[in-house]
Structure formats: C-alpha cells, structure tokens
Amino acid sequence: MNSVSKPLLRVQNLKKYFPITRGFFNQVVGHVKAVDGVSFELFEGECLGLVGESGSGKTTVGRTILRALAPTDGDVWFRVNGNEVDVSGASAKTLKGLRKHMQMIFQDPYASLNPRMTLLDIVGEPLLVNGMTDRKEREERVQALLTQVGLKPHMLRRYPHAFSGGQRQRIGIARALALYPKMIVADEPVSALDVSVQAQVLNLLQELQEQLGLTYLFVAHDLSVVRHISDRVAVMYVGKIVELAGVDQLFETPRHPYTEALLSAVPVPDPKRKKKRVALSGEVADPARPPSGCAFHPRCPYVEDRCKEEVPELREVAPGQFVRCHLAEDLDLVGMPD
Ligand code: SF4
C-alpha cells in the first residue's frame, strides 16, 4: 500500500439493511442491519482482509460493493483510468463496464460452477458476454487462463465433476481473471477446501497478485489464512468495523477486545508456546436488535457501565490503527506474535 497514492476503492458509510416483514400484507416490522456504516479505502496492489464470525456482515460488504446487492445507503467509489466512478449509484450499463474491473471468487467451488458447462464455457462465458464472439480466440484465452492458474490447457473440454475441490477453485479463479480485473473480492475462497490444499490456493492467489498487480478484498473467518495473505486487516462485528490496522500491528498489538478474543481462539502450532485464552462467550449479537451502546458489551470481559449506553466511534488510536472501543488506550490486550 502506498499512503500517498489515491485509493482504488473508497467505501463511505455503507449500509445494507434487509427488511423483516410480517403478516398477510408483508408489513415491514424491522430491519436486519447486516452492514451498518462501514467505511474504508483499498489501495492498488494491496490485500485487505475482512474478518469476523459468521453473521458479522463481512460477506454482505463484499457483495454490496460489487452491487450483487443494492446498498441501502452510503457510497462506493472505484477508480478507473484515473477517474472515480460511483458504483453505488451506477446504472446497469455503467455497472456492466465496471464489472470487467471488479470480480469475485466464491466460497464454494462446487456450487459456483455449472456442472453442465465445460471449462471452455465456464471460463469463456465472461469473454463471450463482453464481445469475444470468435470461438478460436476464446479458446486460446481460456487455455492461457487455465495455464495461469496451474491447470492443463487441454482440460478445457472437461466438466467440473472431473476436478478436485482445489482444482475447481482454480477454475473459479481463472473465470474471475478472464477480463483482466483490477480488483477481486475473494469471499472465503479457501474455507471449503482441505487444509492441505488451502496453502496451494493461497500461494496461487499471492503469485497472481504479484504478477498481475491485483488488489484483493479478502473475506474470511480464519485469522491464520488472513495473516498469510493480507497487508491490512479489518475486523467486523454486527455490521461495523471494530478494528482496522496493518496486519502485524493487529496481530501483535490488538486494541479491541473482540480482536483479542478472536486471536486467542487461533490454535498455536508450537505446544511449548503458552497463550492466554480469552473466553468469547455467547453468540454474535442479533443485527436486527443490536445491544445498546457498544454492540460487543454483552460478551466483553472489560465492559464498563458507559459501554452499555454510549456507542463508541471508530477512531485512530495509533498511526494506521483504528479502533471502536471506549477503553482502547487503557487496555493491555494480548496479541499473537509471529
Ligand atoms: Fe468492551 Fe466497552 Fe470496548 Fe465495547 S467499548 S469493546 S464493551 S470495553
């Protein structure tokens, strides 16, 4: 990340609420606030990890940025050819042009590939949709893409069922790369894979990032995976970012109790290294009825009276480290040294 460069993506106060309806007339009786005021910037060539438990809103952030879901409020700006384009308010025509630059890799390589399509059709589909009607030209581009992700070019007439989970995820990556994107939202791209295959796919993503200058928003719940690939990390809780920092800063000196609890739950491979475990009791709060004050207060071991009433703001407590906690400066939290 270059602090003086302009961001490739700017997200400002993004909100995505899902209505809760009841009765015969589908009367709206409330909202699930899946994303509730998320702001961050993503710089060209960097990987920002977005982590949190299931239900934290991290996947919804990724989908709303790409307009797979329409935002309820807020702005998303994406830089193309030196100009910022408003993604959140873009027309269908503008969106079609933007999607060349912004692609997604999905969590489940089994569900995300059509079993009745060959690799040529799966990987070549975005090329066809964007005007590459010449079949020969498409075949050559698909073969090049398969090679790029570590598959054999002659496999292009095979169907997804002939491939392992790791290979299917490579097919998904090849499809995402087809139109030379600048940014990829990777939504838990290795969590459905065997541990032995996860490292191979992560290494591939890193190699591609270096070769092609890609920018990643990497959504995951596994902190070890996020540490491996990210430059900065944003931690989400009940629709909000509660901590955002450089990857080493966040792992070594966390400043939010939720980050500390997530880190303490990561297994340490060396049995001689002891770690203080911070119990994370209870479930993620219901985003339809978030607790008053700090949404983390019912689970926080450091809670004080004011945490139950005053909503903490996200503020910079150390250079480049932003935290949403009233006591961020006073707590001595335990990190996870490398
Ligand atoms: Fe815990 Fe209070 Fe900080 Fe919330 S504001 S994380 S309840 S100490």
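We count ligands from 1, going down the list as the structure has it; atoms in each ligand are counted the same way.
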Is [X] salt-bridged to [Y], cutoff N-O under 4.0 Å?
X      : Y      : value
Asp121 : Arg116 : no
Arg157 : Glu139 : yes
Glu140 : Lys136 : yes

Discussion item. Which residue in the set Glu53, Glu243, Arg299 passes side chain to side chain donor-acceptor pair (under 3.5 Å) when paired with Tyr258?
Written reply: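 With Tyr258 as partner, side chain to side chain donor-acceptor pair (under 3.5 Å) holds for just one option, Glu53.
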Discussion item. Does the Lys NZ or Arg CZ of Arg232 fall within the cation-pi geometry relative to Phe322 - under 6.0 Å from the ring centre and within 45° of the axis?
Written reply: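 Verdict for Phe322: no cation-pi partner in Arg232.
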Practice prompt. Output, by chain and residue number, all protein N/O/S atoms separated from atom 3 (Fe) of ligand 1 by less than 2.8 Å.
Written response: Cys325 SG
Worksheet item: Take atom CD in Gln27; do more than 12 heavy atoms of anything else shown fall under 6.0 Å from it?
Response: no
